[in-house]
Amino acid sequence: MIRFHNSLSGRVEEFVPIEPGKVRMYNCGPTVYNYIHIGNARTFLVADVLRRVLELDGYEVRQIMNLTDVGHLLEDEAGVEGEDRLEKQSALEKRDAWQIARFYADAFFEDIGKLNMERASEYPRATEHVGLMIEMIRILLAGGYAYKVDGEVYFDLSRFPKYGQLSGNTLEKLEAGARVAVDPRKHSPHDFALWKHDPKHQMKWPSPWSEGFPGWHIECSAMSMHYLGDQLDIHTGGEDNIFPHHECEIAQSESVTGKTFARYWLHVRFLLVDNEKMSKSKGNFFTVRDVLSQGHSPKALRYALLSTHYRQPQNYTQEVLASAASSVKRLQDLVDRLVRHPRRLGDLSPAVEELAARTEKAFLAELSDDLGISTALAAVFELLRQANAMETSGALVATDVDRLLGAMRRFDRVLGVLDFETDAVPDKVLGLVQEREQARRSRDFARSDSLREQIRQLGFVVEDTKQGPRVLPA
Ligand SMILES: [Zn+2]
């Protein structure tokens, strides 16, 4: 059973999926006009960790993350539209908007691959789903939830009284706020665009209203419902998405279906660098690529970004990164020591079984309780301390080693920072090593020598130590 904070209720709630055992999760993805920065990476990593915890707990997760490759008009709190990021970047780089979108989408996949994020079930691109958005806008118009003006379509907020349920920004509160430059064509300055008319826009499509492009919010409503159905279990995003983006998604989707759109909303708090907001002008703005090109390992960055609780602002500093690198190294060192530990025959020790089982249970229980990463990691490091001591004492037999490695693999299904393969000895070789040890014990030296030769042919040498055979790459 998993609990986490639902922004819709403002409380930590027990998660109950619509369909038992299955999770329909939608994550607001990147706007592909530039490389992702470490704040974006953290938001996506929380979604990755949540998915991995759900899977560890036995759920089947269908995860959809969109790529916004058109129409992301920046809007300020008052609903005033700003510039289009893709078009602006296109002018800067002197490449067309389609090339910009393709290039930075590819870069996004490379970056999340380096950070070892699990692939979502689908990454729908807005440019490939405009037909769905037009259809949804048509339904909203037919139902009287939207209106046309000069070839554009706006959502009519007065028709959706529940607006503000997620952010607290009800229409009444917004209208009582500061006066804004009013677009006289809109019924309310806070009505938002579903379709924009712009014949000069590089990415444009024909529609019943004009040649133009869809608004940002309609992309997420149309694509999430297309891939996951009318109702989602979990919708995630950065806290800056709560308003207006997610509020608008709710208004659009619920006006179409009459049902609750997403039952749980999980929002990730912002990231600071050296306790300050990241900004290009202050020189403390880092993309994932910036950090990796400084020589930091992607594993250290992944660990650094996932080790702060999602509801705490993350303060990214060089110290945090260095400490993450050292934690990853300590965990990897234990794995390496276990992999290379002499493979002595023997029964699983009750103390090892107790330690491994207790830690596995604590790890999942802590993560299931509002993604309690710090306490989950504390449990893992307590196992690490004890396992290191056991390894040093030479008390471990092969079954103990395998049990401890099994626990580490289980932790890494969520953490995603360890390597079990580099120096790992294949099972086939381990089998031969154990056979050879048995042959030696029964003083069948001809068989033992022939097994040693078979092991050598597989690229490994076996040394006999006081604690048992040790296998090393040849
Ligand atoms: Zn979105």
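Source: prediction; values computed, not measured. Numbering of ligands and ligand atoms starts at 1, following listing order.
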Margin query: Let's go through Phe270 and Met278 carefully: what are the C-alpha distance in whole Å and the side-chain angles of both, what is the deciding distance for side-chain contact (heavy atoms from CB on, under 4.5 Å) to 0.1 Å, and is it a yes or a no?
Written below: CA-CA 10 Å; Phe270 50 85; Met278 206 162 54; over 6 Å; no

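- Side-chain N/O atoms of Ser7 and His267 include a donor and acceptor closer than 3.5 Å.
- For the residue pair His201/Glu211, the side-chain donor-acceptor check at 3.5 Å is not satisfied.
- With a 6.0 Å cutoff to the six-membered ring centre and a 45° limit on the axis angle, Arg95 counts as a cation-pi contact of Phe103.
- Around the Zn ion (ligand 1), protein N, O or S atoms at less than 2.8 Å comprise Cys28 SG, Cys220 SG, His245 NE2.
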Check: Going through the distances and angles, do Asn388 and Arg337 end up as a side chain to side chain donor-acceptor pair (under 3.5 Å)?
Finding: CA-CA 8 Å; Asn388 273 328; Arg337 287 178 74 181; 3.0 Å; yes

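- Side-chain contact of Tyr154 with His190: a donor-acceptor pair under 3.5 Å is absent, judged by distance alone.
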